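Remember, it's a predicted structure, so these values are computed and weren't measured experimentally. Convention: sequence-line order gives letters A, B, ...; per-chain numbering from 1.
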Amino acid sequence: MDSEFVTTNFIHEMVANDIKEGGRYYGKRVHTRFPPEPNGYLHIGHAKAICVDFGTAEKFGGLCNLRFDDTNPEKEDEEYVEAIKEDIKWLGFKWDGIYYASDYFPRMYECAKKLIKKGLAYVCDLSPDEIREYRGTLTEAGKNSPYRDRSIEENLDLFERMKNGEFEEGSRVLRAKIDMASPNIVMRDPVIYRILYATHHRTGDEWCIYPMYDFAHPLEDAFEGITHSLCDIGFKNNRPLYDWFIRECGPFDPEPCQTEFARLNLTHTVMSKRLLRILVENNVVSGWDDPRMPTLRGLRRRGYTPKAIRNFIEAVGVSTTLSVVDHALLEHYVREDLNRVAPRGMAVLDPIKLVIDNYEDGLVEEFEAEVNPENPEMGKRKVEFSKVLYIEREDFMIEPVKGYFRLYPGNEVRLKYAYYVKCTSYETDENGNVTVVHATYDPESRGGWLPTRKVKGTIHWVSAHNAVQSEVRLYDKLFLQEDPLDDSDGIDFVDKANPDSLQVVTNAYVEPFLANSEKNAHFQFLRLGYFSTDNDHTPEKPVFNRTVSLKDSWAKKAKSK
RNA sequence: UGGGAUGUAGCCAAGCGGUAAGGCACCAGACUUUGACUCUGGCAGUCGCAAGUUCGAAUCUUGCCAUCCCAGCCA
């Protein structure tokens, strides 16, 4: 157990030192935990915490618990614990033990009594408003509660009666007796138990007093033998209190220690359960699993892979600086993963007909196509070709702009895998919109290749005789602004949602094998992007979600003009 | 006006007294049966600012500035 670890971030560096000879956990096993509150669905910010918690344990041959921090029955629900478990598994992590804070309620209660007996906790009858007043402000010290000096016996009696349900909700709390003048407000006699007549999703009505986070969390860690309690930087101020409870309720072995790191923030989205809930409740999105949501369920439905998410988090790194990661980095990692694993297929999203005038009526030819050029082991598949095809409206121009090398009158392009075709004419409707493009093919270019004559452009197509009409949902950023919460314009983030973040295409055409796929399958639609079959998808009624587009230097060039 | 943190490129982020890694984004080019992928090259004369210590400072010291967090019977 020497320091043979390549440390990749400051936490790993710290742990490596901790377990070295002379380190504070020398000879002990590294033990971490991921402690979600079951009050909502996990998002990609949680994925970072999961990677850090599980990843640190794994790196040092330690253990990582999954622990539901269910100390507030008013907000929590069993529905979320199942969803959280599922999301963690989907990300590819396995917990070593599964625990619930609520299982520790009896032990926590004993710890509270211990504090009372040590003269370190008291029952306070101040109202919530009064407690706030007595707490002081950021710059002024607080003042002692008039109930601060109750005798140990009275406190023990009152606390037991709180537990027994003799008092009204909000009438009394148990507080730690620390220092009302502390410059750290967290230390000004924090509330550690409150009365709540709410039914808990696991303990039912067994308890009517519930411990507060600051008291419960260090104890949960201590009870489970956690060594490294890794949490958000927001808890930095709470650390002295964490240590206080560990010390006063101990001894514990090992003694857990808390280390904070920066949460993940992403541009063009919001990242908190509270805000995401607002989007759901205002029907800005269709639900927690809407593909535009940064929730794990949303990302999964969008077509993101666990691998892409984990690589992304790995790339972002772990530090203590407040940071906002560019959404483009996340997209880069899905593209990278999907490029390797996604089978290619052809789909036309905005179809116009292409008629090959010199091709035999009714003839259907089969061509061989590679499943994934990045990975030849994925093999080949067949594509059927005929006289009438669909091509992308964007791939034809009556008057080509400079640099355009797709189809236009007189120009020859390659139909991927099939033939060279040369545009001869086109038809328009009364509004001047192109309806049909006519072309002739060169039989010599069978398979899409002619060594004697090269073409610059290659376009994708789908044969009209077997194309399957499909729904394709084109997703874009939920917010166009980098920081939707920047309210300097006076607009609430809910009203800033990008109205074009979902565009539903109902008359797309895809190759038959794409329509016949399972739900949640990943594909690259040639030249368009990565797409994934939706939860709603069936072979009879195919639905694809665009995960991310392909990079498009032509679009970029055209746009900049 | 109290306390706690953080400042390295447009965005992340290494760096731990010996002369600014890497990734994304961006720009240019090569290659290409995807205007994709891949590849090559470019992209911080200076690390928030100012003094100081040192042969030598992004790294140490001091001062200043900026930003973030904390006044739930939420977590």
What integer number of Å spans the [atom1] atoms of [N] and [M]?
N      : M      : atom1 : result
B/rG23 : B/rA44 : C1'   : 16 Å
B/rA9  : B/rA50 : P     : 16 Å
B/rA58 : B/rA21 : C1'   : 14 Å

What's the closest nucleotide to the side chain of [X] if the choices are [options]?
X      : options                : value
A/R194 : B/rC74, B/rG2, B/rG35  : B/rC74
A/L329 : B/rC24, B/rC69, B/rG35 : B/rC24
A/R135 : B/rG35, B/rA71, B/rC70 : B/rA71
A/I131 : B/rA75, B/rG3, B/rC73  : B/rC73
A/T321 : B/rA13, B/rA71, B/rC74 : B/rA13
A/K456 : B/rU32, B/rA75, B/rU6  : B/rU32
A/A328 : B/rC24, B/rA13, B/rA75 : B/rC24
A/L138 : B/rC70, B/rU33, B/rU34 : B/rC70

### Query
Taking atom P of B/rA75 as reference, at what distance in whole Å does atom CG of A/D214 sit?
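Atom CG in A/D214 sits about 9 Å away from atom P in B/rA75.
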### Query
Are any of A/S323's side-chain N or O atoms less than 4.0 Å away from OP1 or OP2 of B/rC12?
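Checking A/S323 against B/rC12: no side-chain N or O falls below 4.0 Å of OP1 or OP2.
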### Query
Between B/rG3 and A/K236, is there an OP1 or OP2 to side-chain N/O distance shorter than 4.0 Å?
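Looking at the OP1 and OP2 atoms of B/rG3, neither is under 4.0 Å from any side-chain N or O of A/K236.
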### Syn/anti state for B/rG72 [syn: chi within 90° of 0]
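The base of B/rG72 is oriented syn (glycosidic angle within 90° of 0).
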### Assigned glycosidic conformation for B/rG45 [threshold 90° from 0]
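In terms of base orientation relative to the sugar, B/rG45 is syn.
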### Query
Is the shortest heavy-atom distance from the side chain of A/T203 to the side chain of A/F105 under 4.5 Å?
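Side-chain contact under 4.5 Å: yes.
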Ring centroid separation [X] to [Y] under 6.0 Å:
X      : Y      : result
A/Y419 : A/F385 : yes
A/F215 : A/Y193 : yes
A/F10  : A/F261 : no

### Query
When only distance counts, do a donor and an acceptor, one from the side chain of A/Q524 and one from the base of B/rU34, lie under 3.5 Å apart?
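Yes.
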### Query
Going by atom types alone, do A/D486 and A/S488 pair a side-chain donor with an acceptor below 3.5 Å?
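Present: a donor and an acceptor within the cut-off.
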